[in-house]
Amino acid sequence: MKCRFCEQDIKPVGHNLASATGDMVCTRNPTKKHVAVYDGVHCIHCGRQVSILGDRIVTSAGISCPASPSGRHVVK
């Protein structure tokens with residue numbers, strides 16, 4: 001996955017995304033968090049693979065996304 005702000009390779013680490021070098025701070029995003037490019041498979045905030053359960057988006061972390069400002073997983 002790539003960060004849509006700094007374009008570095010990123011991966012899920014805990015509840016957040018980190019660059020391949022382990023840096024959790026994105027210098028180009030005002031919120032200082034890495035945000036993945038939309039790919040339709042992973043949540044852009046936590047990086048976990050999503051599945052659809054009824055009308056909800058769910059990951060291994062559950063229904064709520066701890067890294068998202070809205071508290072929900074975003075796939076788009």
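Model, not experiment: these values are computed from the prediction.
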So, for Lys32 and Thr27, which heavy atoms are closest and what is the spacing to 0.1 Å?
NZ-O, 3.9 Å
Would you say Val25 and Val35 are hydrophobically clustered, going by side-chain heavy atoms of ILVMFWY under 4.5 Å?
no
Mark yes when over 12 heavy atoms from residues, nucleotides or ligands other than Lys11 sit less than 6.0 Å from its NZ; otherwise mark no.
no
What's the shortest heavy-atom distance between Asn16 and Ala67, and which atoms?
OD1-CB, 3.7 Å
Let me check something: do Phe5 and Ile44 share a hydrophobic cluster, defined by ILVMFWY side-chain heavy atoms less than 4.5 Å apart, either directly or through other members?
yes
So how far is it from Arg4 CZ to Ile10 CD1, rounded to the nearest 0.5 Å?
10.5 Å
Shortest non-hydrogen contact between Cys3 and Cys26, atoms and distance:
SG-SG, 3.8 Å
For Ala18 against Val13, the heavy-atom pair lying closest together:
CB-CG2, 3.7 Å
Over all atoms of both residues, closest heavy-atom pair of Arg48 and Gly14:
NH2-O, 3.1 Å
Verify side chain to side chain contact (heavy atoms under 4.5 Å, CB included) between Met1 and Val37, making sure each step is shown before the conclusion.
CA-CA 7 Å; Met1 291 185 290; Val37 174; over 6 Å; no
If you round to the nearest 0.5 Å, how far is OG of Ser64 from CZ of Arg72?
10.5 Å
Residues at least two apart in sequence or cross-chain that pass side chain to side chain donor-acceptor pair (under 3.5 Å) with His45, listed by chain then number, are none
Please lay out, stage by stage, how His42 and His73 fare under the test side chain to side chain contact (heavy atoms under 4.5 Å, CB included).
CA-CA 9 Å; His42 298 91; His73 295 290; over 6 Å; no
Criterion side chain to side chain contact (heavy atoms under 4.5 Å, CB included) on Gln49 and Thr59, from CA distance to verdict:
CA-CA 6 Å; Gln49 187 169 349; Thr59 67; over 6 Å; no
ILVMFWY cluster, Val58 and Ile52 together (side-chain gap under 4.5 Å):
no
Side-chain H-bond candidate by donor/acceptor type, Thr21 with Asp23, under 3.5 Å:
no
Say whether Leu53 and Ile63 are linked into one hydrophobic cluster, either directly or through other cluster members, by side-chain heavy-atom distances under 4.5 angstrom.
yes
May I ask you to decide if Pro12's main-chain N or O and His34's side chain share a donor-acceptor pair within less than 3.5 Å?
no
Let me confirm one number: the CG-SG distance from Leu17 to Cys46, rounded to the nearest 0.5 Å.
7.0 Å
